[in-house]
Amino acid sequence: MAIDEREYNFVVVGSGAAGLVGAITASMMGLRPLIVEKADVWGGTTAISGGVLWIPGNDLMVQDGDGAGAADTYVRALLGEVTPRETAKAEAFLSAAPEMARMLTDEGLNWIRSRTHPDYYPHVQGSSVGRTLEAARFDGKTLGKRFESMRAAELDLPAITSDQFGTVTRAKTALGPFLGTAVTVGSSKVRSWLGQKPLGNGRALAASLMKIAMARRIPIRLSTRLVELVETDGAITGVVVESENGREKLDAPAGVLLAAGGFARNASLRKKLQDRDRVWTNAIPEDEGDAYVAATAVGADDERTDDCWWMPSIQVSSSTSGLALGLRALPGSIVVNAEGRRYMNEAASYMTTGKTMFENGAADADHWLIMDGKFLKRYIFAELSQKTIRDRMMADGFLKRASNITDLARQCGMDPSVLEATVARFNGFARAGRDLDFGRGDTDYDRHWADPNHKPNPSLGEICHPPFWAAILRPGDLGTNGGLKTDERARVLDGSDRPIVGLYAAGNSASSPFGRTYPGAGATIAAAATFGYIAATDAARRLTNAPVEGST
C-alpha cells in the first residue's frame, strides 16, 4: 500500500546501519522518516558484515573501568596533517559515537563488548584493545514477516560473536576451541529446533535495528531506487525515486539523508574516480553510486574517491572472492608476489595488507597465498576447507597443488629457486619465532587472528608438510571509503565547502571521518551509524530552528 506523503517529512535513502540509525534518530527527534531502499531486501552491506562497531568510550567500556583512553590521540595520529574540517569531523565521531550507542541501548538494542580485539595500528600512540561493540544474538523470527525480506535471511549459519571467529577457525587444534565451537553450533541448532532463527554478526545488528524501527512504525519501501534530488530555493526538499510503479516525487521538507553506500559496483565510476579497470569487491550488488551521482548533480563535492576499504581476498571463481582474515595470520602460510617473493607482514590489518598488495602490483599480476598441507588440515576456512570448492578453484586455475615447492612454483609461473629461497628463509624465522624481514607476529593485532597454542610465535609456522597449495590472492575491497564531502554535522558540502541545505550523507555515501585509515574493528559501521545519528539530529534542529553550536 502506498504511504500517504503527508505522513513523513524526512527521507532516508538506504537501509543499512547508517540509514536505520538515521531513521530511528529522526523518529526520536520528532521527525517522520521514510526509508527507501533500492534492493528488494533490507539491511544493506551491514547485514552481510561482521556487524561490529568501533566505539571508544562506550558505556560497556566505562562499566568495565576502561574509558575512551587516548582515542583522540590515536585518531589524530592516524589522520596526520588534515584540514580543520576533517579534524572537527573526527572529533564529532568520538563525541557522538557513545551517545549513539547509548540511544540504541535505551531503544532496546542489546550490546556486547569485544574485549580482546586490538586496534588496527598497534604501534600508533593511543591504540588500545576492546573498543568494539556488537549486537547480541538475535531471534529473527521476532520480526515476523519483515524478517523474510532481510538481506541474507535464508543463510543457515550459527550465531557467533566476533570473538568466536578465531575459536571456530581453530576448532580442530585443541580441546578448548573444539568444545567452544561445539557449544556455539549446538546452541544455534537447539534454538532452531525450538522454532527460532538465531542470528549473529551483521544480521544480528541489522535485525536489532529493524526491530526498533518497526516499534517506531517507520515505513520502508523496498525496490525503490533514488533517481535524483529535488531542489527548491537552494535547499534539498525531496527526492525522485523509481519503482515498478514508475517514477514519483517524494517530499522531504526536513531533508534527505543519503545512506546508500558507495560506488564499488559501478565500473565507470571506478574507472573515472580511481583509474581502475580491475577490481575485486565484496560489496553488495546494489552498491552502484546512486547517491553519489544524485548529489554531485546538485553541486555536491567529493573527496578521497580514489581509495577504498581494502580487504585481501582469495579468488574463488571468476565472479566471487572470499575474505582472507585468519588465512594470512595463522602459522603455515605466506603471501608472495608473482615472482615468489614476500613483501609484507601478512598478519597486519586487512586495510594495510590490501593496500600494500595493490601498491606492489597485485592488481596487474597474480599474487599467491602459499600454504602447506598441515595448514589446511589444522584450520577451518569458509572456502578452502571444502573439497568441492577447492576442486572447482583448481579447475579454474585459481588454486594450485603440488607435492613439493619446486612443482608448485612452476605451476604458478615462478622461478622455483626464488620461491624455494623465500620459503626456506621464512621457515627459519618460524623456527626462531621472529620474522626479521617484516615483523609478523610481533604485535597484539598480528596475534589476534593467529594460533595461541603454536610456539614459539603464534603467527609463524614452517611451510614444510606436503601437499603444498597456492591460492590466488587479490587486492579486494569491502567498498569505497571516499565519497561526498561532508562536515562534522554530516551536511553535504558543495565545491566552496558550503553546506547544501537539507542534504546529509553517512556511511560509504560520505567520505570517511578517518581519512585513509581504518582505526579498528567496526570503524566503518560505527562511522555510518554515528553520522546517521548526527545527520538526523541536525535535520530535526534545523526544521525547528533550534540553535546548534557552530551553525552555518
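The figures that follow rest on heavy atoms only: side chains count, while hydrogens, waters and symmetry mates do not. Just so you know, these numbers come straight off a predicted model, no measurement behind them.
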Assess whether side chain to side chain contact (heavy atoms under 4.5 Å, CB included) is satisfied between Thr83 and Thr87, documenting all intermediate values. CA-CA 6 Å; Thr83 65; Thr87 299; over 6 Å; no
Would you check, one step at a time, whether the test side-chain hydrogen bond (donor to acceptor under 3.5 Å, both in side chains) holds for Ser317 with Thr320? CA-CA 5 Å; Ser317 72; Thr320 60; 2.6 Å; yes
Walk me through it: do Asn282 and Ser321 pass the test side-chain hydrogen bond (donor to acceptor under 3.5 Å, both in side chains)? CA-CA 7 Å; Asn282 296 280; Ser321 57; 3.2 Å; yes
For Arg203 and Met150, what are the C-alpha separation, side-chain angles and deciding distance, and is it a side chain to side chain contact (heavy atoms under 4.5 Å, CB included)? CA-CA 8 Å; Arg203 292 193 299 171; Met150 185 180 83; 3.7 Å; yes
Working note: Phe263 + Lys272, criterion side chain to side chain contact (heavy atoms under 4.5 Å, CB included); need CA distance, chi angles, decisive distance, verdict. CA-CA 11 Å; Phe263 53 91; Lys272 173 184 176 182; over 6 Å; no
For Asp119 and Arg131, what are the C-alpha separation, side-chain angles and deciding distance, and is it a salt bridge (Lys or Arg N to Asp or Glu O under 4.0 Å)? CA-CA 8 Å; Asp119 289 341; Arg131 287 169 166 164; 2.6 Å; yes
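Thr232 contributes no side-chain N or O that, together with a main-chain N or O of Ala235, makes up a donor-acceptor pair within less than 3.5 Å. Although no hydrogens or angles enter the test, the distance criterion places no donor-acceptor pair under 3.5 Å between the side chain of Tyr533 and the main chain of Met103. In this structure, Asn9 contributes its side chain and Pro253 its backbone to no donor-acceptor pair below 3.5 Å. Side-chain atoms of Thr224 do not come within 3.5 Å of backbone N or O of Val36 as any donor-acceptor pair. Checking side-chain atoms of Ser243 against main-chain N and O of Asn245 turns up a donor-acceptor pair under 3.5 Å. A donor-acceptor pair under 3.5 Å is formed between the side chain of Ser313 and the backbone N or O of Met311. Under a 3.5 Å cut-off, the side chain of Trp111 and the backbone N or O of Ala101 do form a donor-acceptor pair. No side-chain donor-acceptor contact under 3.5 Å links Ser95 to the backbone of Glu91. A distance-only check finds a donor-acceptor pair linking the side chain of Thr296 to the backbone of Tyr292 [under 3.5 Å]. A donor-acceptor distance shorter than 3.5 angstrom exists from the side chain of Thr132 to the backbone of Ala521, with no hydrogens or angles considered.
A salt bridge between Arg115 and Asp64 is present, with a side-chain N of the basic residue lying under 4.0 Å from a carboxylate O of the acidic one. Ion pairing between a basic and an acidic side chain is recognised when a charged N comes within 4.0 Å of a carboxylate O; Lys485 and Asp302 show no such pairing. Salt bridge absent: Asp487 and Arg85 never bring a charged side-chain N and a carboxylate O closer than 4.0 Å. Under a 4.0 Å N-O distance rule, the pair Arg265/Glu288 does not qualify as a salt bridge. Under the 4.0 Å criterion applied to side-chain N and carboxylate O atoms, Asp477 and Arg270 are assigned as salt-bridge partners. In summary, Arg102 and Asp106 do not engage in a salt bridge, as defined by a charged side-chain N under 4.0 Å from a carboxylate O. Salt bridge Lys211/Glu107: absent, no basic N to carboxylate O contact under 4.0 Å. Checked for salt-bridge contact, Asp66 and Arg113 meet the test: a charged N lies under 4.0 Å from a carboxylate O. Between Asp251 and Lys249 there is a salt bridge, since a side-chain N of the basic residue sits under 4.0 Å from a carboxylate O of the acidic one. Salt bridge status for Lys145 with Glu148: present, with a side-chain N to carboxylate O gap under 4.0 Å. Here Arg225 pairs with Glu242 in a salt bridge; the nearest charged N to carboxylate O distance falls below 4.0 Å.
Looking only at atom types and distance, the side chain of Ser268 has a donor-acceptor partner in the side chain of Asn266 under 3.5 Å away. Using modelled atom types and a 3.5 Å distance limit, the side chains of Lys38 and Ser223 yield no donor-acceptor pair. Side-chain contact of Asn481 with Ser512: a donor-acceptor pair under 3.5 Å is absent, judged by distance alone. Thr46 and Ser49 are not linked by any side-chain donor-acceptor pair at a separation below 3.5 angstrom, with hydrogens and angles left out of the test. Looking only at atom types and distance, the side chain of Ser149 has a donor-acceptor partner in the side chain of Trp42 under 3.5 Å away. In this structure, a donor-acceptor pair under 3.5 Å is present between the side chains of Ser114 and Asp163.
What you find for Ile525 and Val52 is that their closest heavy atoms are CB-O, 3.6 Å. Listed here is the closest heavy atom pair of Leu20 and Ala206: CD1-O, 4.0 Å. Contact detail for Leu79 and Ala90: the closest heavy-atom pair is CD1-CB, 3.6 Å. The two residues Leu484 and Ala291 make their nearest non-hydrogen contact at CD1-O, 4.2 Å. Between Ser509 and Leu258 the shortest heavy-atom distance is CB-O, 3.5 Å. Summarising the geometry of Pro158 relative to Ser188, their closest heavy-atom pair is CA-OG, 3.5 Å, with the distance given to 0.1 Å.
Looking only at side-chain heavy atoms (C-beta outward), Val239 and Glu228 stay at 4.5 Å or farther from each other.
Annotation for Lys271: atom NZ counts as buried by contact number, over 12 foreign heavy atoms lying within 6.0 Å.
Just one residue in the list Asn508, Thr281, Thr480 forms a side-chain hydrogen bond (donor to acceptor under 3.5 Å, both in side chains) with Trp309, and that residue is Asn508.
Under the 6.0 Å cut-off for aromatic ring centres, Tyr350 and Tyr120 qualify, their centroids lying closer than that. Annotation: Phe514 is in aromatic contact with Phe93 [ring centroid separation under 6.0 Å].
Residues passing the side chain to side chain donor-acceptor pair (under 3.5 Å) test with Arg137 are Ser187, sequence neighbours excluded.
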